[in-house]
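Input: a single structure, listed below in structure tokens.
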2 protein chains.
Amino acid sequence: MTTLKYSRQREAIKDFLAGRKDHPTADTVYTNMRGQFPNISLGTVYRNLALLSEIGEIAKISTGEGAERFDGNPVDHYHFVCTGCHSVSDLEMPEIAHINILAGQNFDGEIKGHVAYFYGLCGDCARKQKASHAKKSKQDTIFQKIR
Amino acid sequence: MTTLKYSRQREAIKDFLAGRKDHPTADTVYTNMRGQFPNISLGTVYRNLALLSEIGEIAKISTGEGAERFDGNPVDHYHFVCTGCHSVSDLEMPEIAHINILAGQNFDGEIKGHVAYFYGLCGDCARKQKASHAKKSKQDTIFQKIR
DNA sequence: TTAATAACAATAATTATTACTGTTTTATTA
DNA sequence: TAATAAAACAGTAATAATTATTGTTATTAA
């Protein structure tokens, strides 16, 4: 059993995340922290991100591609991952907690919750793809991918 | 544009995964493959796992804890991750594709799909916890966690 | 059967993350 | 307010997972 002591670095990391809408990686947090704390260590960033998410003051986001990301908003909500630019954004959508019940229907253990990531193209990437579609459609039929 | 050539190693990896109900990591696949191919390289395993999941013959599972896992069954379905023993198992549950619609309601881009991981305690871990609950409940009240 | 190249084994390199060590900060108490 | 204990730190080393490189072998098409 251990006690938590205040640290300026930890507070700064929490504040930094609270002020961001994207969902930065540990490395991005580190780079930005160096403005306020030129000597901050990457290990300090990792340690505090782990600690803050353990105590539920931030949330860890594992998209399955690239490094872990962190969200200053610890309240449960869903995320969208763009397969084009790899950005991660929040989704405003109704709770779908009922899917835990569905999941538990034919299951032996105890379902306590779920995480879900929606994927597709973000607004910007969707528009870019449409714009370039006309040009490329001919090429696509000639050089079709085999795999 | 590149063409796919047959390889015994790739077939063996695919067959191995098809015969498993758990969802092995690259390293587990590697260890098992060495029975058939004593000189197989870990790089070969990684390359073929990536290739097979790109062409949709297997599925990659990113639980967010530990290494990537692979599923010989590429048909969309949901997974359960036990927070006790970290095992990953399949869930038999109805499709919940409608949540893509919900997710797209207030969203600018195009939602193409989702992945979801349910978590909690598997049957074995749930029973173990119940069994040890009586003994530990007193201790828990004395040594309560602060963080 | 040869020629082109995908796939291989072996290994080096990279990326993301965690652990260690000696020093500094914070919080408690004399 | 000064002394003490321990959490947190910076700096750095180490680890785990994965990807890239290189020279060789296997597969496929001509």
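Here is how names work: the chains are called A, B, and so on, in the same order as the sequence lines, proteins then strands, and each is numbered from 1.
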Atom CG of A:Leu49 and atom P of D:dC9: how far apart are they, to the nearest Å? 11 Å

Can you list the steps and then say if A:Leu91 with B:Leu102 is a side-chain contact (heavy atoms from CB on, under 4.5 Å)? CA-CA 10 Å; A:Leu91 282 174; B:Leu102 295 177; over 6 Å; no

Tell me, please, which residues at least two apart from A:Glu57 pass salt bridge (Lys or Arg N to Asp or Glu O under 4.0 Å). A:Lys14

Give the rounded distance in Å between these two atoms: CG of A:Leu4 and P of C:dT26. 13 Å

Using atom CD1 of B:Ile55 as one end and atom C1' of C:dA7 as the other, report the distance to the nearest whole Å. 14 Å

Kindly say if B:Asn39 contacts the phosphate of D:dT25, meaning a side-chain N or O under 4.0 Å from OP1 or OP2. no

Whole-Å distance, B:Ile61 CD1 to D:dA17 C1', equals 17 Å

For B:Asn73, does the CG atom sit with more than 12 other heavy atoms under 6.0 Å from it, leaving out its own atoms? yes

Within this structure, what is the CG-to-C1' distance between B:Leu51 and C:dC8, rounded to whole angstrom? 14 Å

For residues 96-117 of chain B, which residue pairs pass the ring-ring contact (aromatic ring centres under 6.0 Å, His included) check, not counting sequence neighbours? A:Phe80-B:Phe107, A:His98-B:His98, A:Phe118-B:His114, B:Tyr78-B:His114

Going by side-chain contact (heavy atoms from CB on, under 4.5 Å), A:His23 matches just one of A:Thr28, A:Ile61, A:Leu17. Which one? A:Ile61

Nucleotide by nucleotide, nucleotides 14-23 of chain C touches protein heavy atoms under 4.0 Å in the pattern (B base, S sugar-phosphate only, - none) --SBB-----

Using only atom types and a distance under 3.5 Å, with no angle test, would you say the side chain of B:Arg69 pairs donor to acceptor with the backbone of B:Asp22? no

Can you tell me which residue pairs pass the side-chain hydrogen bond (donor to acceptor under 3.5 Å, both in side chains) test with a partner in residues 31-40 of chain A, sequence neighbours excluded? A:Tyr30-A:Arg34

Please give me every residue in residues 6-18 of chain A whose heavy atoms get under 4.0 Å of an atom in DNA chain D, ordered by residue number. A:Ser7, A:Gln9, A:Arg10

A:Arg34 atom CZ is separated from D:dG11 atom C1', nearest whole Å, by 12 Å

A:Asp108: what forms a salt bridge (Lys or Arg N to Asp or Glu O under 4.0 Å) with it, not counting sequence neighbours? B:Arg127

Does a side-chain N or O of B:Thr44 approach OP1 or OP2 of C:dA9 to a distance below 4.0 Å, or not? yes

Closer than 3.5 angstrom, by distance alone: can the side chain of A:Arg10 be matched with the main-chain N or O of A:Lys5 as a donor-acceptor pair? yes

Tell me whether the side-chain N or O atoms of A:Lys5 pair up with the base of C:dT25 as donor and acceptor below 3.5 Å, since no angle test is needed here. no

